[in-house]
Amino acid sequence: MAEKKQKPKYNMWQSAAFMVRLAIREREKKVPVLCVLTALLAVACNLTGLYVAPVILGSVEAHEPLARLFFIILAFLFLNLLLNAASGYLETNVLYGRITVRMALNSKLNNKMAVTSYPNTCNDELLKKVSKAGDSLNCNEAAGEAVWTTLTDLLRDVIGFLFYLALLSSVSPLLIAVIAAASLAGYCINRPLAEYRYRHREEEGECNRLFIRFYTYAEDAAMAKDIRIFGMRPWLEQMFHRTWETYRAFHRRVQNVYLWGSIAGLVLAFLQNGFAYAYLIRLVLDGDLSVPLFLLYFSAVGNFSAWISGILGDILTLHKQGLEISNIRECLEYPEPFRFEDGEPIPAAGMARGRTEYELCLEDVSFRYPGAEQDTLSHIDLTLHPGEKLAVVGLNGAGKTTLIKLLCGFLDPTQGKVLLNGRDIRQYDRRDYYRLFSAVFQDFQVLAATVAVNVAQTDENIEEEKVRDCIAKAGLTGKIESLSDGYQSKLERSVYEDAVALSGGETQRLMLARALYKDAPFVVLDEPTAALDPIAEADMYRKYHDMTQGRSSVYISHRLASTRFCDRILLIEGGRIAEEGTHETLLSLGGRYAELYEVQSRYYKKQEQLPDIGPSEESAVSQEGC
């Protein structure tokens with residue numbers, strides 16, 4: 001089957017112009033300027049080397065005085081030294097500007113992935129592009145920085161070519177034509193080969209991702225217990241070696257393609273140089289060239305061929321780098337399914353009678369993941385009233401998390417609407433919408449920063465009293481204040497040697513404090529007590545009402561007894577709302593909720609001694625203590 005060629009969005013000249021504009025925007029105008037100066041100095045150095053031998057030999061043939069001969073030699077040496085010193089100085093000073101431009105591009109790529117629409121974070125096409133873009137920006141030799149060297153070399157070779165063209169035009173147009181034809185033939189052979197890696201960039205990106213994943217498993221602290229308990233090392237080694245072989249096989253294929261291109265280039269270079277040297281030797285034998293001119297043209301032929309080959313080689317290199325830069329630009333410009341700056345700002349709503357004035361409504365909402373054969377959620381109608389505490393329960397895979405993602409605006413429905421105070425949220429600036437939510441999700445990340453920064457999610461203008469209050473409401477004051485640095489204690493030992501390590505339950509309480517600090521009108525708690533023991537869970541339930549007072553809250557759980565704290569409970573099953581009501585109402589119905597509650601209750605024994613908590617909390621612990 002013929003391979004389908006994917007054309008890049010931008011050609012190499014557009015990519016080069018993009019890099020120049022980026023350097024100017026980043027206040028690194030010196031980078032393109034120094035590229036031009038470096039190219040001019042390189043040509044001057046080359047011309048100095050070209051003329052030194054013929055000029056000295058001509059002086060000897062003309063029987064110039066010895067003093068003049070020494071003066072000529074010293075003049076060439078001094079000029080060559082001066083030019084090389086200036087060139088070295090420019091190359092050293094341009095390095096930091098190039099790094100700055102590359103890091104700016106890295107920052108743009110990181111920012112894109114940090115703020116892009118949530119569906120893009122799961123988009124396989126974009127993830128592969130980003131993986132490849134990262135390879136293009138990860139070192140000095142990568143395309144994001146090496147392109148400046150290529151542009152400098154190309155400019156140098158073009159200027160040198162023009163000088164040598166003027167020099168050799170007095171010898172023979174045929175000689176110039178042969179050299180140019182051979183060089184162009186080599187270019188035509190190598191250009192399609194240069195695109196090979198770009199055409200297979202998705203395959204390479206997949207190889208890289210798998211290789212890095214299996215390579216880092218052994219160093220992943222989260223995998224350490226599993227590897228030892230389940231004896232995973234042989235399997236990991238097998239998968240690592242299998243992935244490594246796939247990775248190597250791909251690069252062997254790439255290198256073989258490049259090898260044949262190099263062989264073709266060598267054959268063409270041999271033919272063109274053989275013809276050129278034979279032609280010059282015949283001119284000398286016929287007496288049409290003097291010895292100094294023969295030496296000049298003999299050197300010029302090789303250099304002229306090198307200039308042409310250099311130009312074509314630079315174009316090939318620039319073409320490959322342009323493909324990589326085009327890929328970076330495609331990542332930065334990847335379409336956003338959500339509206340951001342172009343969306344409407346969300347009107348401010350205050351608190352009425354102690355409750356938020358925001359209302360969320362799902363109107364005939366269905367959602368199907370890309371590539372799925374059926375809907376995950378189907379025809380959901382739901383209203384979250386201001387200040388209401390809503391529980392969403394159901395078995396794993398029922399669609400609870402998808403429902404929450406729709407409410408939070410991480411996903412847009414494939415059918416129906418999500419309405420905020422009666423208006424479709426798709427018309428709003430989605431970042432404004434996110435500001436309405438605080439959340440504790442099952443998967444969370446602790447920042448490599450202080451406890452206070454983790455709660456406030458910023459290191460500027462932290463309200464210390466508010467941090468303490470949120471920590472207290474989350475039940476973590478005793479632990480934090482027992483630390484030597486208190487609220488300034490650092491977290492994440494992988495970064496800080498003096499960092500403290502919180503337990504799973506303590507970390508989850510920290511995340512709850514973070515959610516409280518944001519003080520948003522909607523609070524989403526996705527299994528907020530999953531890492532807590534029954535007594536600690538009961539304590540958390542006791543504080544739950546106070547923590548979400550006046551806020552609309554959504555509590556996700558598979559522990560049915562814990563839902564008794566909520567105003568309303570939704571049982572999700574088969575992608576639909578199967579049952580709806582309070583805990584007592586659903587039990588009295590004797591339906592699916594009551595059946596699941598009875599099944600769960602069999603696995604828990606009543607505690608003989610319980611902490612001093614209210615009746616509802618005691619029942620929650622005794623019935624659903626896990």
Side-chain angles (χ1 to χ4, degrees), residues 103-104 106-118 120-121 336 338 340-341 343 345-346 348-351 356 358 404 408-410 428-477 479-502 504 506-526 528 543 546-553:
M103 295 310 296
N106 240 323
S107 178
K108 289 179 181 294
L109 185 63
N110 290 338
N111 184 67
K112 171 70 175 183
M113 294 309 296
V115 302
T116 191
S117 303
Y118 183 83
N120 281 349
T121 65
E336 295 289 350
F338 297 163
F340 293 112
E341 288 78 7
I346 293 179
M351 302 284 285
T356 177
Y358 288 112
I404 295 307
C408 292
F410 294 136
Y428 291 125
D429 181 337
R430 194 60 60 100
R431 295 191 186 104
D432 268 5
Y433 185 76
Y434 292 150
R435 293 188 184 100
L436 302 179
F437 289 82
S438 286
V440 179
F441 298 113
Q442 292 187 53
D443 299 323
F444 49 78
Q445 292 292 327
V446 175
L447 299 177
T450 66
V451 170
V453 169
N454 269 275
V455 173
Q457 292 292 286
T458 180
D459 58 358
E460 298 179 353
N461 302 319
I462 296 177
E463 298 179 43
E464 299 291 345
E465 287 302 318
K466 188 175 181 180
V467 168
R468 294 174 185 272
D469 181 59
C470 294
I471 287 286
K473 288 180 178 178
L476 201 56
T477 300
K479 173 64 179 180
I480 301 304
E481 293 189 349
S482 70
L483 302 175
S484 58
D485 294 323
Y487 296 90
Q488 299 307 311
S489 299
K490 298 183 181 69
L491 303 179
E492 279 299 296
R493 286 182 175 173
S494 61
V495 178
Y496 300 109
E497 292 184 359
D498 60 341
V500 298
L502 301 178
E506 290 166 345
T507 303
Q508 207 153 22
R509 287 177 181 272
L510 182 69
M511 295 300 102
L512 182 57
R514 181 182 69 173
L516 295 173
Y517 186 92
K518 188 177 179 182
D519 199 23
F522 294 101
V523 180
V524 176
L525 302 172
D526 185 358
K543 298 175 180 177
D546 292 336
M547 289 188 291
T548 58
Q549 188 67 36
R551 274 47 176 171
S552 301
S553 57

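Just so you know, these numbers come straight off a predicted model, no measurement behind them.
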| query | Do Val467 and Ile462 pass the side-chain contact (heavy atoms from CB on, under 4.5 Å) test, and can you show the C-alpha distance, the side-chain angles, and the key distance before you say yes or no? | reply | CA-CA 8 Å; Val467 168; Ile462 296 177; 3.6 Å; yes
Grab the two heavy atoms, one from [X] and one from [Y], that are nearest each other, plus how far apart they are.
| X | Y | value |
| --- | --- | --- |
| Ala520 | Arg551 | O-CG, 3.0 Å |
| Ala515 | Ser438 | O-OG, 2.8 Å |
| Ser489 | Val500 | CB-CG2, 4.4 Å |

Rounded at 0.5 Å granularity, tell me how far [atom1] in [X] sits from [atom2] in [Y].
| X | Y | atom1 | atom2 | answer |
| --- | --- | --- | --- | --- |
| Asn110 | Met103 | CG | CE | 8.0 Å |
| Arg430 | Phe410 | CZ | CZ | 10.0 Å |
| Thr477 | Arg509 | OG1 | CZ | 10.0 Å |
| Ile480 | Asp485 | CD1 | CG | 11.5 Å |
| Ile471 | Arg514 | CD1 | CZ | 11.5 Å |
| Gln445 | Met511 | CD | CE | 9.5 Å |

| query | Would you call Ile404 and Asp526 a side-chain contact if the rule is heavy atoms closer than 4.5 Å? | reply |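 No - every pair of side-chain heavy atoms lies 4.5 Å or more apart.
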Quick check: does any side chain N or O of [X] sit under 3.5 Å from a backbone N or O of [Y], one acting as donor and the other as acceptor?
| X | Y | value |
| --- | --- | --- |
| Thr450 | Gln488 | no |
| Arg431 | Phe340 | no |
| Tyr434 | Gly409 | yes |

| task | Please step through side-chain contact (heavy atoms from CB on, under 4.5 Å) for the pair Gln508 and Leu512, ending with a clear verdict. | result | CA-CA 6 Å; Gln508 207 153 22; Leu512 182 57; over 6 Å; no
| Contacts of Thr116 that satisfy side-chain hydrogen bond (donor to acceptor under 3.5 Å, both in side chains) - sequence neighbours left out |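 In terms of side-chain hydrogen bond (donor to acceptor under 3.5 Å, both in side chains), with neighbours along the sequence ignored, Thr116 is linked to Asn120, Glu336.
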| request: Assess whether side-chain contact (heavy atoms from CB on, under 4.5 Å) is satisfied between Asp429 and Ile346, documenting all intermediate values. | output: CA-CA 7 Å; Asp429 181 337; Ile346 293 179; over 6 Å; no
| said: Enumerate the side chain to side chain donor-acceptor pair (under 3.5 Å) contacts for residues 451-468, please, sequence neighbours excluded, ordered by first and then second residue. | reply: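 Listed once each, the pairs would be none.
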| Picking from Val453, Leu502, Leu447, what satisfies side-chain contact (heavy atoms from CB on, under 4.5 Å) with Leu491? |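 Of the listed residues Val453, Leu502, Leu447, the side-chain contact (heavy atoms from CB on, under 4.5 Å) partner of Leu491 is Leu502.
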| task | Take the angle between the ring planes of Phe522 and Phe437 and call it parallel below 30°, perpendicular above 60°, tilted in between. | result |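 Taking Phe437 first and then Phe522, their aromatic rings lie parallel (interplane angle under 30°).
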